[in-house]
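As structure tokens, the structure follows; a few thoughts come after it.
Every chain is numbered from 1, with letters handed out A, B, ... down the list of sequences.
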Protein chains: 2
Amino acid sequence: MHSLPQLLGANICALRLQKNLLQDGLALLCGLDRSYMGRIERGEVNITVETLYQIAEALGCEPAPVLPLKNEVISSKS
Amino acid sequence: MHSLPQLLGANICALRLQKNLLQDGLALLCGLDRSYMGRIERGEVNITVETLYQIAEALGCEPAPVLPLKNEVISSKS
DNA sequence: ATGTGACTTCCAGTCCGTA
DNA sequence: GTACGGACTGGAAGTCACA
């Protein structure tokens with residue numbers, strides 16, 4: 001069980017590697033900064049849905065497969 | 001074809017009505033402000049993935065069915 | 001090729017109202 | 001019950017320099 005941004009970042013990283021892309025390359029496709037893409041993959045930031053769609057578009061898939069299931073996510077509520 | 005926030009808001013609204021919830025009630029379940037929930041449904045704001053998960057949780061479904069498909073969304077790129 | 005700190009701008013999200 | 005407005009705070013977006 002990890003935080004939502006961490007799981008999301010791990011999924012993005014895995015999908016990126018499947019496409020043999022570098023963080024640089026993916027960031028370019030998304031229209032995002034290289035260093036910001038790194039932070040996303042490390043789960044350091046909580047992205048918006050628009051950013052999610054940009055990434056899904058660049059990865060050539062729907063946003064859904066990028067998202068972890070609810071029960072994989074550490075609940076932020078007590 | 002509408003903007004992403006508009007489609008997302010319409011989906012949330014439809015799912016909320018299926019559950020016979022008011023904006024008030026859904027906002028409470030999500031831990032969000034009532035007026036902000038209204039803005040979400042009207043597509044006036046671009047929410048984060050964490051908020052998306054809060055809403056999916058409150059609606060009793062996964063985040064995926066709340067999200068529109070890429071090809072339903074007006075591309076923000078030219 | 002990626003991690004990180006420092007930074008600015010802008011919007012996610014709250015709280016107060018009115019109709 | 002819901003739409004809509006103004007004013008506000010924290011944090012997402014976005015960039016750069018350096019390790």
Test side chain to side chain contact (heavy atoms under 4.5 Å, CB included) applied to A:Val66 and A:Leu15, step by step: CA-CA 8 Å; A:Val66 183; A:Leu15 289 165; 4.0 Å; yes
Derivation of the side chain to side chain contact (heavy atoms under 4.5 Å, CB included) call for A:Leu67 and A:Leu52: CA-CA 9 Å; A:Leu67 293 173; A:Leu52 171 67; 4.0 Å; yes
Side chain to side chain contact (heavy atoms under 4.5 Å, CB included) between A:Glu62 and B:Leu69, intermediate numbers included: CA-CA 7 Å; A:Glu62 290 295 332; B:Leu69 296 176; 3.6 Å; yes
Side chain to side chain contact (heavy atoms under 4.5 Å, CB included) between B:Ile40 and B:Leu32, worked out: CA-CA 11 Å; B:Ile40 293 174; B:Leu32 295 175; 4.1 Å; yes
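Counting all heavy atoms, side chain and backbone alike, A:Pro68 lies closest to A:Leu4 at CG-CD1, 3.7 Å. Scanning both residues, B:Met37 and B:Cys30, for their nearest heavy atoms gives CE-SG, 3.8 Å.
To the nearest angstrom, P of D:dG11 lies 18 Å from CD1 of A:Ile47. Here the P atom of nucleotide D:dG14 and the CG atom of A:Leu32 are 6 Å apart, to the nearest Å. Remark: P of D:dG1 and CD1 of B:Ile40 are 20 Å apart, rounded to the nearest angstrom.
Side-chain contact between A:Val73 and A:Ser3: absent, with no pair of heavy atoms (C-beta onward) separated by less than 4.5 Å. Residues A:Leu29 and A:Leu21 are in side-chain contact: their nearest non-hydrogen atoms beyond the backbone lie under 4.5 Å apart. A heavy-atom distance below 4.5 Å is not found between the side chains of B:Glu57 and B:Pro63. Between B:Pro5 and A:Glu50, some side-chain heavy-atom pair lies under the 4.5 Å cut-off.
Nearer the 5' end of DNA chain D, as judged by each residue's closest nucleotide, is the contact made by B:Leu17, out of B:Leu17 and B:Asn46.
For the helix from C:dT2-D:dA19 to C:dA19-D:dT2, the rotation axes defined at the first and last 5 base pairs enclose an angle of 40°, given to the nearest 10°.
Counting 5' to 3', DNA chain C first comes under 4.0 angstrom of a heavy atom of chain B and last does so at the ends given by C:dA12 to C:dG17.
Shown are B:Ile47, B:Val45, B:Asn46; of these, the side-chain contact (heavy atoms from CB on, under 4.5 Å) with B:Leu8 is made only by B:Ile47.
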Atom pairs, N/O to N/O, protein against nucleotides 3-8 of chain D, distance under 3.5 Å?
from, atom 1, to, atom 2, distance (Å)
D:dA3, OP2, B:Gln23, OE1, 3.3
D:dA3, OP2, B:Gln23, NE2, 2.5
D:dG5, N7, B:Arg39, NH2, 3.4
D:dG5, O6, B:Arg39, NH2, 3.2
D:dG6, O6, B:Arg39, NH2, 2.9

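Using a 4.0 Å heavy-atom distance criterion, B:Val45 is classed as a sugar-phosphate-only contact.
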